[in-house]
Number of protein chains: 2
Amino acid sequence: MDPNLKPGNTKMRILDATAELFMRYGYTGTGLKQIVADANAPFGSLYHHFPGGKQELGVEVIHRSGAMYLELVTAVFDAAPDIVSGVHDCFDGAAEVLRATDYADACPIETVALEVASTNEPLRQATAEVFESWIEGAAERFRTAGIGDRTARELSISLIALLEGAFVLCRATRTTEALGAAGKTAAAAVEAALRHVAPESAQP
Amino acid sequence: MDPNLKPGNTKMRILDATAELFMRYGYTGTGLKQIVADANAPFGSLYHHFPGGKQELGVEVIHRSGAMYLELVTAVFDAAPDIVSGVHDCFDGAAEVLRATDYADACPIETVALEVASTNEPLRQATAEVFESWIEGAAERFRTAGIGDRTARELSISLIALLEGAFVLCRATRTTEALGAAGKTAAAAVEAALRHVAPESAQP
DNA sequence: GTCTATACTTTGATAGAC
DNA sequence: GTCTATCAAAGTATAGAC
């Protein structure tokens, strides 16, 4: 880890503030002035730490948020007694966070991903890399549970799609109904995949 | 239908242009100047037809795009020999459109929904109404096939979440892999629900 | 109703003093 | 490295001639 990124650091505060603003207002909706205001940083230091301006800051925030979210989900799975419980915990936990933050904090990169997909190639690539890391992170876990390569990847993609799609519905409707329904479907999909695993290698 | 909305109409052209721009660049990323330019309309007529400015235009576009997309999906299902085929056709068709438009045209309101969820209440409400209409439209079809009320709604929500989530992944990665995986999971979920339907009332 | 010109604000970005 | 002042451009919105 970069030792220059101590908490309380100016650069660090800028990164954290940007991550939170991106989650709520998206990339285009977040102004640099609002970022430095929230980070209690002078305007000039933003361009000192990120000479590439908003885009460079955006790329760094995407990668950072993506890595943190992966860690978070990994921790939830590690704490769960089995994979299916882990899936439930993820969706339930997301619903809890969403409610607690007045339906503001869902996925840290989803909004940005959609905004930049057709307009900003470096940012688009950053979001793609994050999603790929999530997919492979989940797939690895499913393979360890004995699920075949191809199924593991398809299953991972489907779970992430269910989560991201539910985030859209929940934030729009200001309810957690969608996360509940999607969580059920996700758990069922994992159970179905585990049912096809040879019993001796199964780790439910 | 409002007879004033003939094709070629100024108002109509503004609505169409805005819908397309929202899909690619989102709400914040779309400027009014760009809208009137794409619609071949003078700037003043935008505020003549939409006195409420960008927000009023946005609400109308959301409702319009939502209704059109519902019609489109309904037509796909009606043309399919059975429900499971209909699900496959939807995901396959979406993938085809995405590829044909260089990964630009996915869901007409998803990006906007995420952008405005925490910032613009009238727009947020419009997106919520559209999603609710989609959910109930799908649920109605599943109930007709004999699936119970509660399951029909949960299934509908999950399918829409899978589709919206896959859109994010596909646009970010510029591949259609996610729509393929999500489509498989969606079809499997419908099949599982149909398996629990009493045989005499089943309409597969 | 159509269209042009313009007002006002905010945006991302830069220069340069300290 | 920190911080202030300012720039040019783009944003939404309005006024008013035709």
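Here is the naming used below: chain letters follow the sequence lines, and residue numbers restart at 1 for every chain. Quick caveat, the model's predicted, so the values are computed rather than measured.
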Between [atom2] on [N] and [atom1] on [X], what's the gap in Å once rounded to a whole number?
X	N	atom1	atom2	answer
A/R13	D/dT2	CZ	C1'	12 Å
B/F50	D/dT12	CZ	C1'	16 Å
B/H48	D/dA15	NE2	P	16 Å
A/I35	C/dT11	CD1	P	11 Å
A/Y25	C/dT11	OH	P	13 Å

Review point. Is it true that the NZ or CZ of B/K11 lies under 6.0 Å from the centre of B/F50's six-membered ring and within 45 degrees of the ring axis?
Key: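 The answer is yes; both the distance and angle limits are met.
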Practice item. Could you check whether the rings of B/F43 and B/Y47 sit parallel, tilted or perpendicular, using 30° and 60° as the cut-offs? Key: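 It falls in the tilted class, 30° to 60°.
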Practice item. Name the orientation class of the two ring planes belonging to B/Y69 and B/W134 (parallel below 30°, tilted from 30 to 60°, perpendicular beyond 60°). Key: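 Aromatic pair B/Y69/B/W134 classed tilted.
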Review point. Does the side chain of B/T28 come under 3.5 Å of the side chain of A/T28 through a donor N or O and an acceptor N or O?
Key: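 No, because no side-chain N or O of B/T28 sits under 3.5 Å from a partner of the opposite role on A/T28.
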Review point. So which of B/M68, B/M23, B/R64, B/E20 actually passes side-chain contact (heavy atoms from CB on, under 4.5 Å) with B/P108?
Key: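 Testing each of B/M68, B/M23, B/R64, B/E20 against B/P108, the sole residue satisfying side-chain contact (heavy atoms from CB on, under 4.5 Å) is B/M23.
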Practice item. Enter the distance from A/F142:CZ to A/T151:OG1 here, rounded to the nearest 0.5 Å. Key: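 If we round to the nearest 0.5 Å, A/F142:CZ and A/T151:OG1 are 11.0 Å apart.
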Review point. Hey, what do you get for CD (B/Q34) to CG (B/D38), rounding to the nearest 0.5 Å?
Key: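 Interatomic distance, B/Q34 CD to B/D38 CG, rounded to 0.5 Å: 5.5 Å.
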Point to revise | Under 4.0 Å protein heavy-atom contacts per nucleotide of nucleotides 12-18 of chain C, with B for base, S for backbone only and - for none | key: BBB----
Check your understanding: Counting only side-chain N and O atoms of B/H49, is one of them less than 4.0 Å from OP1 or OP2 of C/dG1?
Key ->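 Negative; the distance criterion is not met.
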Check your understanding: Quick one, which residues of residues 117-127 of chain A touch DNA chain D with a heavy atom under 4.0 Å?
Key ->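 None - not one residue of the stretch has a heavy atom sitting under 4.0 Å from the strand.
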Exercise for review: Could you tell me whether A/D102 and A/R174 make a salt bridge, using a distance below 4.0 angstrom between a side-chain N and a carboxylate O?
Suggested key: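 Looking at A/D102 and A/R174, the cut-off is met.
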